[in-house]
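Chain letters run A, B, ... following the sequence lines, proteins first, then strands; residues in each count from 1. Values in this document were obtained by computation on a predicted structure and should not be read as measured data.
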Amino acid sequence: MKKRVYIADFSDHVGEEIEVAGWLYNQRSSGKILFLLVRDGTGIVQAVMSKKEVGDELFEQAKALGQESSLIVSGALRKDDRAPGGYEMWVSGIEIVGTSIDYPISPKEHGTTFLMDHRHLWLRSKRQHAILRIRHEVIAGFRDFLNGRGFINLDTPIFTPNAAEGSTTLFETDYFNAKAYLAQTGQLYAEAGAKAHGKVYCFGPTFRAEKSKTRRHLTEFWMLEPEVAYMDLEGDMELAEDMIEDVVSRVLDRRAEELKLLERDIGKLENIKTPFPRITYEKCCDILEKYKTEHPDEDGVEFERGEDFGARHESIIAESYDRPLMVHRFPAEIKAFYMKRAPEDESKVLGFDMLAPEGYGEIIGGSQREDDYDTLLKRINEHNLPVEAFQWYLDLRRYGTTSSAGFGLGLERTITWICGIHHLREAIPFPRMMYRLNP
RNA sequence: UCCUCGGUAGCUCAAUUGGUAGAGCGAGCGGCUGUUAACCGCUAGGUUCGGGGUUCAAGUCCCUGCCGAGGAGCCA
């Protein structure tokens, strides 16, 4: 009696007759002995065939199988240090489920365009497999963390009637002869949710039509946005750092194999312990000005106090820290209308960005929200936003206003940093970028 | 949108000053009883991104179009 077993569960089945359902990852032969590397989604096993034992017909049939043929292999499972993974199957039978002729992704190198064109197949490769398992762990970690603190998951609409943060970066779509826009953020709706449940989060895809062509941008990316009523900026930053610490340690604990495959420097992740440093925007400006005087010949480091930071600036600021950094109290002019002004300095807002270490840049942006009706109305007008569209949002200040704070975490940027990979496009199964809508 | 670079075999790339279109991988065939991106031998495989131009001669130089990559700005 053959038992169907997943490769991840092999340690419980040594010595048994089992079968594995999967795909042919690669094969090597040496005369009368054949090594099939079979993957089943949970791992890879080396299946060994002897011509003498299985007979000429099956041996030749197996030898002719192309990479990624689907098959069910049966045989005895045993430990063997010569096999990759430490276990191997001594094959007694093979059922060929589906052939695979001229599989495009060979074991050697390929270029980015080619791999992206074959993203639906590229997902099967070891590295992509590892990254997306870490993505799964990160998502599960965030949800468990927030659920464990009593947050309610309250998801927000993707079709929206107008811009939340203004600007021209919205995707427009037809909505029964009216215009609708794909959501850039769920935050305003999450605020409504926080007034109902106290602590909520939304998690879903967001869309930005920015004409950005860099490794840090997708047009469709996933954002996690917690929002807590009666919370202030300090509480917001504490929540953000606790959450990041929790998830990083969870990935270290549960996805060590995947991190190893990606050759991630584990030590860098083990440093991620709270409290994370907090520095003000003004202090960052000092750092940038000091850097500029010490590196007068370097291009791209020019900086005007009052401007927002560019990618290079973020790296310079984050360079001297071994853990994520929280920059707070930005100038109000460069931030969104809904951020509350700092009581000690009206020109600054109670907002913060979390910058990941190792040059990975901004992964979180958050703030305490403006809670006063009249002030918020004034801000909406100052930003030339259509007041009618924000009546419901103003209602949240009209009926039982409270302080409220939250943040948005860019999922793919966080995954890219944790994995230590180069480009955001590998951190999502099917990336959408300015020049990439397929497959 | 701007700057830089690129497009040659299914894939990754090479081709000297403008002078016969090449290799590795993959594929096909053959060999090998412990391989680790196995190895060894043979074979097939090309409208050099499209259009125009210069020249005795263009993958190579010029013009133009298309596509892509890296970066900037903008942002998570």
Side-chain angles (χ1 to χ4, degrees), chain A residues 25-37 44 46-54 59 63-64 66-68 80-86 88 90 100-118 121-122 125-127 165-170 184-187 205-225 240 299-300 302 307-314 334-336 353-356 360-366 407-417 422-425 427-428 433-436:
Chain A
Y25 193 76
N26 199 359
Q27 61 162 304
R28 296 179 273 272
S29 87
S30 182
K32 308 288 183 292
I33 189 165
L34 182 61
F35 302 92
L36 302 173
L37 288 176
I44 296 181
Q46 173 164 286
V48 189
M49 291 178 87
S50 156
K51 195 171 190 174
K52 206 160 76 181
E53 285 184 36
V54 300
F59 191 86
K63 204 172 167 180
Q67 192 186 344
E68 288 301 324
D80 193 314
D81 290 338
R82 291 173 296 184
E88 68 180 20
W90 197 254
S100 171
I101 296 161
D102 295 334
Y103 184 71
I105 302 179
S106 64
K108 286 272 181 172
E109 292 161 40
H110 298 283
T112 307
T113 307
F114 178 81
L115 289 170
M116 288 303 306
D117 284 341
H118 296 85
L121 302 176
W122 191 21
S125 302
K126 279 183 187 170
R127 188 181 148 82
E165 306 193 21
S167 84
T168 56
T169 60
L170 288 160
Q184 290 183 302
T185 169
Q187 183 213 309
T206 54
F207 307 87
R208 301 205 183 167
E210 287 158 11
K211 292 184 175 171
S212 298
K213 238 175 80 68
T214 83
R215 75 178 80 133
R216 301 182 314 282
H217 289 87
L218 299 169
T219 54
E220 176 181 315
F221 67 96
W222 285 63
M223 192 150 68
L224 175 71
E225 296 176 276
D299 287 334
E302 295 74 19
E307 286 178 357
D308 209 351
F309 306 130
R312 181 70 190 112
H313 302 130
E314 285 182 357
I334 58 171
K335 288 292 177 184
D353 284 357
M354 186 187 287
L355 307 180
Y360 280 92
E362 183 181 352
I363 54 172
I364 286 177
F407 58 82
L409 172 140
L411 181 71
E412 288 77 16
R413 285 190 181 175
T414 305
I415 293 164
T416 302
W417 160 55
H422 181 69
H423 202 299
L424 221 55
R425 65 187 158 216
I428 185 168
M433 293 174 290
M434 193 176 160
Y435 293 109
R436 169 68 58 185

| Counting distance only, does the side-chain N/O of A:H423 pair as donor-acceptor with the main-chain N or O of A:R216 below 3.5 Å? | no

| task | Using a 4.5 Å cut-off on heavy atoms from C-beta on, say whether the side chain of A:E412 contacts that of A:W222. | result | yes

| Whole angstrom value for the distance that separates P of B:rC75 from CD1 of A:I364 | 18 Å

| Any side-chain heavy-atom pair from A:L170 and A:Q184 closer than 4.5 angstrom? | yes

| Paired nucleotide for B:rG10 [Watson-Crick or G-U wobble; both distances under 3.5 Å] | B:rC25

| query | Any donor-acceptor pair under 3.5 Å joining the side chain of A:Q27 to the base of B:rU35? | reply | no

| request: Identify the nucleotide, in any strand shown, that forms a Watson-Crick or G-U wobble pair with B:rU16, with both distances under 3.5 Å; if there is none, say none. | output: none

| Mind checking whether A:F114 and A:H110 have parallel, tilted or perpendicular rings, split at 30° and 60°? | parallel

| Rounding to the closest angstrom, what is the interatomic distance between B:rG59 and B:rC66 at atom P? | 24 Å

| field | Nucleotide nearest A:D102 (side chain, heavy atoms from C-beta), chosen from B:rC32, B:rA27, B:rU33 | value | B:rA27

| A:H217: what forms a side-chain contact (heavy atoms from CB on, under 4.5 Å) with it, not counting sequence neighbours? | A:E210, A:S212, A:T214, A:R413

| Between B:rC40 and A:R28, is there an OP1 or OP2 to side-chain N/O distance shorter than 4.0 Å? | no

| request: Give the rounded distance in Å between these two atoms: CG of A:D117 and P of B:rU12. | output: 10 Å

Measure all distances between protein nitrogen or oxygen atoms and nitrogen or oxygen atoms of nucleotides 71-74 of chain B, and list the pairs falling under 3.5 Å.
from, atom 1, to, atom 2, distance (Å)
B:rG71, OP1, A:R215, NE, 2.7
B:rG71, OP1, A:R215, NH2, 2.0
B:rG71, N7, A:K213, O, 3.4
B:rG73, O6, A:S212, OG, 3.4
B:rG73, N1, A:K211, O, 3.1
B:rG73, N2, A:K211, O, 3.1
B:rC74, O2, A:S212, OG, 2.7
B:rC74, N3, A:H217, NE2, 3.2
B:rC74, N4, A:R216, NH2, 3.0

Hey, what are the protein-to-nucleotides 46-49 of chain B N/O distances that come in under 3.5 Å?
none

| request: Please check if the side chain of A:Y103 supplies one atom and the backbone of A:L121 the other of a donor-acceptor pair under 3.5 Å. | output: yes

